[in-house]
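Read through the structure below, which is laid out as structure tokens, and then see the notes.
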Number of protein chains: 2
Amino acid sequence: MVTVHDVARAAGVSISTVSRALGSPERVATETRDRVTRAAAELGYRPNHAASGLRKGRTHAIGLVVPDLENPYFASVTKSVQARARAEGYEVLVADSDEDAAVEPELIDALAARTDGLVVASPRSGEAELRAALVGVTAVLANRELPPARKAGSGAAAVPFIAVDDADGVAQALGHLSALGHRKVGVAAGPASSWSGGRRVAGLIAAAGRWDVELVELGNFQPYFAGGIQAADHALASGVTAVVAFNDLMALGILDRLRHRGVDVPGEMSVVGFDDVQLAALVSPALTTVHIPLARLGQRAVDLLLARLRGGTPVSGQLPVELTIRGSSGPAPAETVS
Amino acid sequence: MVTVHDVARAAGVSISTVSRALGSPERVATETRDRVTRAAAELGYRPNHAASGLRKGRTHAIGLVVPDLENPYFASVTKSVQARARAEGYEVLVADSDEDAAVEPELIDALAARTDGLVVASPRSGEAELRAALVGVTAVLANRELPPARKAGSGAAAVPFIAVDDADGVAQALGHLSALGHRKVGVAAGPASSWSGGRRVAGLIAAAGRWDVELVELGNFQPYFAGGIQAADHALASGVTAVVAFNDLMALGILDRLRHRGVDVPGEMSVVGFDDVQLAALVSPALTTVHIPLARLGQRAVDLLLARLRGGTPVSGQLPVELTIRGSSGPAPAETVS
DNA sequence: CGATAGGGTGCAAACGTTTGCAGGGTCACG
DNA sequence: CGTGACCCTGCAAACGTTTGCACCCTATCG
């Protein structure tokens, strides 16, 4: 292993000069700098991150905690977080909780110990547990808000977060269905404990009055393909003419189940999802869904974290969403004999 | 930040004892150990990885380089690599090359500098470039083989790798189609530069004679949904009754295109994929495809790497694959007028 | 021409661990 | 009772950087 000492000897300077030539070039004479740079290149010098991390107290790495890497939603988040971090000179450590809230604290702990900060995406943990796991670690949340503890005196600031405008998304979806003549629409909710799930249901309820549609709560389902299959049967049983699903995976499950049961989409039933996963555009009929700027989400999360690390005052925010109308939604079926 | 010194003071021992109590408990008296452990817990001591990494020369982290995190295939690999590594006490740094072979060396470099070793999955680089990027870094390859350089004297051992039995997979697929009566089968190949792509085509050619089927090379296509759409039209034009695709994404594209063109699957055309991505089982008709034990692939890659790190002699290998027959393949259509 | 400022460099002390070496104590054995 | 063996612990030196401080030298100004 070649160290600063080797480079120093080769360049005929002291190790401090080597360090400065490489780290803050403006503090060393041009000619010396060149000599050092050249020597370093010739020897193939690679600075030791552990050493500089130790001295500077910075690792130049960030951590990312996600519930499930195989979920295309989080795959996209991971991809964009990784891309942005790398562009800013940071490496990314990733940990997958496998949808288990119980392991989140331990993952957070492990990653926090070796990184400068964390992006925690859609944590499944409850408020108290999450707050406990996050004490002392600089983190930002993606798709989750964590209000500061009520304990007076604990002046802990709220954890910065970046989310999407769930309420607006479902409002757009419901408006779309309303305009198509649907009066009774089913809502296939996600897990009761899901933060964004709660926001979406609340948004739907708020929008229902405005758009003059009756909401039928079909129940809470797993946010996967399988959950959608289950939800589809409930939708058919409840007499709705449209259903909005918690997310795309579920919507795709609904679509598949409806096809199996011989129900025409969108002729007899309209389906709208949420997320606009890659796949949504590829199936037939293509899925009408609320598009989330996933790449921006990851990127903004990193920006937020970096702002915190650099001492700025990061400002939490919501990303705008946009309903993307495709083939799975259409006019409500004409009144039948009832 | 609480250090060994703080714990030492609290426990009334020296820092060496603290270090030993925590690192090699058998070397310190039971009573002292307890005292130290308790003090550490009370103070909330977290060992500094940078420091121990510096001293021990080990980071206890590994790197993973993949072409595209959004590709469900690599998402699964990433997930299993991460799981296995964590189970073995290692963290995982991930880097996404975005399918760009040119950035792979730089990613490998960056990760190698902060980890103990690398898992490089399906690298897109050519042999020479890859070999160059890998000199001096301990790495294992997933889904790629890299024969040692021919240069005599450069005693560099081959890079250990873990792959899947591509030849057997396509042989099974072709045998299945043959048994169903197909005599003219189209092959929708992936990018010409793909290592596994080459193996699969070779395997098909080898198996064709044995199963008495005529192979029609439809061309090279992008290994994505869009590539499949393109391939489907070629398949229809060529008069084959079945097509085997380079991977599932492509097969799904073929399926979708055939449906759009009103071609019944499997009535008029059979389709078989490769990989058995989650989604393959979910579409209708469900995709007949060669199942790869993806979870084991990542796991084995990590095991291989860890074996290397621990001084063992890792042995490269192939994972067995298994044809999974679903709805997209069926008997060849009866002879028509022509 | 002398004083002063400031740029360029080196010395040495950190950063928080781990670990070779050695000292002190206890115990068993001769 | 003396001697050696062995267990437990502490001292101090690493590991490879970064950086405060101090030094020297040159240029500038009065």
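Labels below follow one simple rule: chain letters A, B, ... track the order of the sequence lines, proteins then strands, and each chain is numbered from 1.
Between B/His60 atom NE2 and C/dT17 atom P the separation is 16 Å, expressed in whole Å. Rounded to whole Å, atom P of D/dG16 lies 7 Å from atom CE of A/Met1. Distance, A/Arg58 CZ to D/dT19 P: 12 Å, rounded to whole Å. Spacing between atom CG of B/Leu22 and atom P of C/dT19 amounts to 13 Å, rounded to whole angstrom units.
Looking at B/Ile162, B/Val81, B/Val140 one by one, the single match for side-chain contact (heavy atoms from CB on, under 4.5 Å) with B/Arg300 turns out to be B/Ile162. Just one residue in the list B/Ile62, B/Val159, B/Leu305, B/Thr115 forms a side-chain contact (heavy atoms from CB on, under 4.5 Å) with B/Thr138, and that residue is B/Leu305.
Closest to the B/Ala51 side chain, of the nucleotides C/dG16, D/dT17, C/dT18, is C/dG16. The side chain of A/Arg55 approaches D/dT19 more closely than any other nucleotide in the set C/dT19, C/dT17, D/dT19.
Taking 4.5 Å as the limit, every side-chain heavy atom of B/Tyr90 sits out of range of all side-chain heavy atoms of B/Val302. Side chains of B/Leu297 and B/Asn143 form a contact here, defined as non-hydrogen atoms less than 4.5 Å apart.
Comment: B/Glu104 does not engage B/Arg124 in a salt bridge, judged by the lack of any side-chain N to carboxylate O separation of less than 4.0 angstrom. A salt bridge is absent between A/Glu42 and A/Arg38; no separation between the charged side-chain nitrogens and carboxylate oxygens falls under 4.0 Å. Comment: B/Arg84 engages B/Asp303 in a salt bridge, judged by a side-chain N to carboxylate O separation of less than 4.0 angstrom.
Within the nucleic acid shown, A/Ser19 comes within 4.0 Å of at least one base atom, counting heavy atoms only. Residue A/His5 is classed as a base contact, given a heavy-atom separation below 4.0 Å to a base.
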Please list, for nucleotides 22-27 of chain D, all pairs of protein and nucleotide N/O atoms separated by less than 3.5 Å.
none

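Applying the 6.0 Å contact sphere to CD of B/Glu31 captures no more than 12 heavy atoms from other residues, nucleotides or ligands.
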Q: Could you run through nucleotides 7-12 of chain D and give me one letter per nucleotide, 5' to 3': B if any protein heavy atom sits under 4.0 Å from the base, S if only the sugar-phosphate is that close, - if neither?
A: -SBBBB
